[in-house]
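If you read the sequence from its start, that first residue is 1, and numbering goes on from there. These numbers come from a predicted model, not from an experiment.
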Amino acid sequence: MKALKTKITAAALIFLGAFAFPKTEQTDVLHTGTGTKIANPIPDEETPGHWATIQELIEQQGKKFGFLHNWGISWASITRIQKQSGRSNFVWNDKLIGAYYELCTNNFLTMGHRISVNLFARHAVYYPYAYTFNKVKQVTTQTLLYNFDLFTGLKFSMNFWDWVTLSVKPGVHVLYQLHDKWHYVHLGAGLGAEAEFPISSRWSFNIGGMWTWDNANLGSNKRMRPFDYSWEYQAQLGFRYSKKKLNPKSFVKYSPRPPKTKKVKAIKAKKGGEDANGASAPDANSSSDGKNKSK
């Protein structure tokens, strides 16, 4: 019985001590490329509680496959020509303004050590704000006019000194436009060029353009007004935000912050020998009285 009483007393003291003197717990510290815990945290699996640098973050990401998202504003010019014999050609030109969104893969394929190859799909929505016939401005009779533009293909990129990335994009071009008098459907091929500059660890600014050579005689347009030549060129200004591809250098410098800890207040034991749950702790005197009675 003496050994049993000693064990019960030791267990009670350990149980009460665990509540009376708790250890300060530290939460799982997460770090991000922007220096904030809220914006897309990336855990540091190798060193828990460590606020990593940009270089360490890039090493942790490795060459994982993912997707990048680009968007911005875009301007376009479409030229359609109908050849005439013995007189000047008929030339139609449309000016359009709108927005674009581009979905691009990341780490799809690598050629050598510097050239990366990825797939991309660029979709733009335009409003034709002006058009001319033989350089003479025309007055539109409809208000609801629009243009849907799709350009998809391969993107060859090369990075220079971590400050600028130059890309060349050959691909297939598809266009649908509701014109003032006709519905146009184009199909052709084109070539795009782009330059990307890092703003911060996650944000990048890009500027670029594209030129396409199209067949404008798809559908019923071939019977109504066939064109002999058609081409389009576009210019764009946009941004890219990504947590999958961090910029090792940027104009806005990254300053890592120290890890934050969460302090837990100590839970004191209640009076009268009760623990935090309200259970009474074993009493040494009552245990000894019980022993005497048993004797």
Side-chain angles (χ1 to χ4, degrees), residues 67-82 90-106 108 118-133 137-157 167-196 204-242:
F67 293 95
L68 305 178
H69 307 274
N70 303 327
W71 64 90
I73 59 175
S74 184
W75 177 87
S77 173
I78 304 174
T79 302
R80 304 178 180 94
I81 298 178
Q82 188 177 28
F90 291 163
V91 181
W92 289 267
N93 180 259
D94 297 349
K95 305 295 184 184
L96 308 97
I97 189 71
Y100 79 93
Y101 166 74
E102 179 180 296
L103 178 65
C104 182
T105 62
N106 184 34
F108 178 73
N118 288 286
L119 305 175
F120 78 93
R122 179 188 183 274
H123 182 71
V125 179
Y126 290 109
Y127 175 77
Y129 64 90
Y131 81 98
T132 61
F133 171 67
K137 187 176 180 179
Q138 304 296 304
V139 179
T140 60
T141 58
Q142 296 189 42
T143 304
L144 184 59
L145 301 174
Y146 51 85
N147 178 298
F148 295 105
D149 196 284
L150 175 64
F151 185 52
T152 181
L154 296 175
K155 183 175 182 179
F156 298 86
S157 304
S167 302
V168 177
K169 304 187 293 185
V172 178
H173 178 240
V174 181
L175 175 150
Y176 172 79
Q177 181 180 351
L178 174 60
H179 202 264
D180 192 43
K181 297 181 180 179
W182 314 103
H183 293 263
Y184 293 134
V185 180
H186 291 197
L187 177 62
L191 182 66
E194 184 180 291
E196 184 177 291
S204 299
F205 169 76
N206 64 70
I207 180 174
M210 53 177 283
W211 180 86
T212 63
W213 181 265
D214 301 316
N215 177 12
N217 297 322
L218 299 179
S220 59
N221 185 74
K222 185 176 182 180
R223 298 190 302 269
M224 294 184 297
R225 181 185 290 172
F227 296 102
D228 295 285
Y229 307 108
S230 177
W231 64 82
E232 177 182 0
Y233 56 89
Q234 304 181 25
Q236 68 181 38
L237 293 174
F239 296 90
R240 174 179 65 83
Y241 174 80
S242 177

Do the side chain of [X] and the main chain of [Y] share a donor and acceptor less than 3.5 angstrom apart?
| X | Y | value |
| --- | --- | --- |
| Asp94 | Tyr131 | no |
| Ser77 | Tyr233 | no |
| Ser74 | Ala235 | yes |
| Asn215 | Leu187 | no |
| Thr79 | Ser230 | no |

What pair of heavy atoms forms the shortest contact from [X] to [Y], and how long is it?
| X | Y | value |
| --- | --- | --- |
| Asn217 | Pro226 | OD1-CA, 3.3 Å |
| Ala76 | Tyr126 | CB-CZ, 3.8 Å |
| Ala189 | Asp214 | N-OD1, 4.2 Å |
| Glu102 | Tyr100 | N-CD1, 4.2 Å |
| Phe151 | Phe120 | O-CE1, 3.3 Å |
| Lys137 | Thr132 | CA-CG2, 3.9 Å |

Spacing of [X] atom [atom1] and [Y] atom [atom2] [to the nearest 0.5 Å]:
| X | Y | atom1 | atom2 | answer |
| --- | --- | --- | --- | --- |
| Thr212 | Trp231 | OG1 | CH2 | 11.0 Å |
| Leu154 | Asn118 | CG | CG | 9.0 Å |
| Phe205 | Leu237 | CZ | CG | 5.0 Å |
| Arg122 | Leu103 | CZ | CG | 13.5 Å |
| Asn93 | Phe133 | CG | CZ | 12.5 Å |
| Phe148 | His123 | CZ | NE2 | 6.0 Å |

Begin with the C-alpha distance, continue with both residues' side-chain angles, and end with the deciding distance and a verdict on side chain to side chain donor-acceptor pair (under 3.5 Å) for Asn70 and Glu194.
CA-CA 12 Å; Asn70 303 327; Glu194 184 180 291; 4.6 Å; no
Flag for Asp149-His186: side-chain donor and acceptor within less than 3.5 Å
no
Can a side-chain donor-acceptor contact be found between Gln234 and Glu232 if the only test is distance below 3.5 angstrom?
yes
Is there a side-chain contact between Gln82 and Trp92, using heavy atoms and a 4.5 Å cut-off?
yes
Any non-hydrogen side-chain atom of Trp211 less than 4.5 Å from a side-chain atom of Leu191?
no
Tyr229 atom OH: more than 12 heavy-atom contacts under 6.0 Å
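Open.
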Within 6.0 angstrom of Phe90 CZ, more than 12 heavy atoms from elsewhere
yes
Parallel, tilted or perpendicular, as decided by the 30° and 60° cut-offs, for the rings of Phe227 and Tyr184
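Geometry flag for Phe227 against Tyr184: perpendicular rings.
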Is there a side-chain contact (heavy atoms from CB on, under 4.5 Å) between Trp75 and Lys95 once you walk through the steps?
CA-CA 8 Å; Trp75 177 87; Lys95 305 295 184 184; 3.8 Å; yes
